[in-house]
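One structure below.
Every heavy atom of this structure was used, including side-chain atoms; hydrogens, water molecules and symmetry mates were not. Order of appearance sets the numbers: ligands from 1, and atoms from 1 within every ligand.
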Amino acid sequence: MSPLLKVSSIETLYFDRIYALFGVSLEVEERQIFAVLGPNGAGKTTLLKTVAGLLKDQPKKGVIEFAGHRIERRPPEKVANLGIVYVPEDRGLFRELTVAENLELGLWGRRDDGVQEDLEFVFGMFPILKERGKQQAETLSGGEQQMLALGRAMLRRPRLLMLDEPSLGLAPQVAKAVFEALLTISRRGTTILLVEQNARLALKVAHHGAILEAGRIVLQGTPKDLEANEDVREVYLGIGAADTVSPRGSAGPATRRRAGAAPQGVRSLAPRLVE
Ligand SMILES: Nc1ncnc2c1ncn2[C@@H]1O[C@H](COP(=O)(O)OP(=O)(O)OP(=O)(O)O)[C@@H](O)[C@H]1O
Ligand SMILES: [Mg+2]
C-alpha cells in the first residue's frame, strides 16, 4: 500500500537563500501517528507549512504526494480541499469568537449528513467544549484552547491532521490529556503528522518517529527503535548513560534532565547519525 503522504527530498528556503529544509524525505502511512521531533529552529514548523502550501513557491526542490496527488507548491486552499488540516502552533483560533462559533467555522462549507456524528465525537472527546459553548475563546485556558483547536480541526473531517507542537505551554497533565485525545482521533481513522519538542510524550503515542535537526532528518524508526538509541535517550529523553543499565523507565529523577524538550546547547545527533 502506498503511503498517504510521501515527502521526497524537499528543500525549502526563506528569502530564496536561507535553507530551512535540506532534502527531507518521509512517508506517513494511512492511520499512522507520525511524530517529528527536534530542537528549536530545526525546521519542524517549516516542514508542516511546506506540506500545507503556506510558503509561497516552496519547496524549491522535491516532491510532495498526498493520496496520489502531487501537492508541492499548490496553494493552501487546494491542499486543504484534499483533506489536510493544519493546526498551527498558536492554534489559529478566533479569539474574540465563542467556543461554539469557532466550532461552527470548522463546519463551514460542509453539506454532508455526518455533521451531527462529528459533533458528538468532538463533544465526547472534549465535553468542556459543549459546556463552554458561549465562552469567548481567548478566555479559555491553554489546554482548553488546544482542545478547541483539535475539535474544530476534526469537524473538517481531515484525512491528515498536522499539528505543530500540541503540548507547547501546557502543564504535564493537560499535555497528557491532549495526547490521549490524539489516540482517540487516530483510532477513528485519521492520520496524524505532528511535530513536537516533547519527545517523551510524542513517542508514547506515535507509531513512527523521525528526528529533524538543522533541516535534515538524522534518524527515523519506531518509538522502540528511537528509544533504544543512546543519543536519543540522552539528548531527547534526558536519560543519562548511567541509566542505561537500569530497566527502561526506572531512571531516577536525579539523573534526568527536564522531561520532554531537547535541552538547548546539548550536543546534536547530527554529527554521528547523518550519513
Ligand atoms: N519566516 C521566516 N523567515 C526567515 N527564516 C525563517 C522564517 N521562519 C523560520 N525561519 C528559519 O528557518 C529555520 C527553521 O525554523 P522553524 O520555525 O521551522 O523551526 P522549528 O523546528 O519549528 O523551531 P521551534 O521549535 O522553535 O518552533 C530557523 O533557522 C528559522 O530561523
Ligand atoms: Mg516551530
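- Each of the following atoms of ligand 1 lies closer than 4.0 Å to a heavy atom of A42: 19 (O), 20 (P), 21 (O).
- The ligand atoms of ligand 1 that sit less than 4.0 angstrom from a heavy atom of F15 are 3 (N), 4 (C).
- The atoms of ligand 1 that sit less than 4.0 Å from any heavy atom of E89 are 27 (O).
- There is a protein heavy atom less than 4.0 angstrom from atom 2 (C) of ligand 1.
- At a cut-off of 3.5 Å, with distance as the only test, a side-chain donor of E196 or S167 sits close to an acceptor on the other residue.
- Checking atom 31 (O) of ligand 1 against the protein gives no heavy-atom contact under 4.0 Å.
- Polar contact check, I18 against ligand 1: no nitrogen or oxygen pair lies under 3.5 Å apart.
- If you check which protein heavy atom lies closest to atom 18 (O) of ligand 1, you get T46 OG1, 2.5 Å.
- Of the candidates K44, E196, K49, K44 brings a heavy atom nearest to atom 20 (P) of ligand 1.
- Counting atoms of ligand 1 from 1 in the listed order, those under 4.0 Å from a heavy atom of T45 are 17 (O), 18 (O), 20 (P), 22 (O), 27 (O).
- Just one residue in the list K6, E65, Q32 forms a side-chain contact (heavy atoms from CB on, under 4.5 Å) with E27, and that residue is K6.
- With no hydrogens or angles considered, a side-chain donor-acceptor pair links T50 and T12 at under 3.5 Å.
- Every atom of ligand 1 with a heavy atom of P39 under 4.0 Å away is listed here by number and element: 21 (O), 25 (O).
- Checked against a 3.5 angstrom limit, the closest N/O atoms of A20 and ligand 1 fall outside it.
- For the pair G43 and ligand 1, the shortest N or O to N or O distance falls below 3.5 Å.
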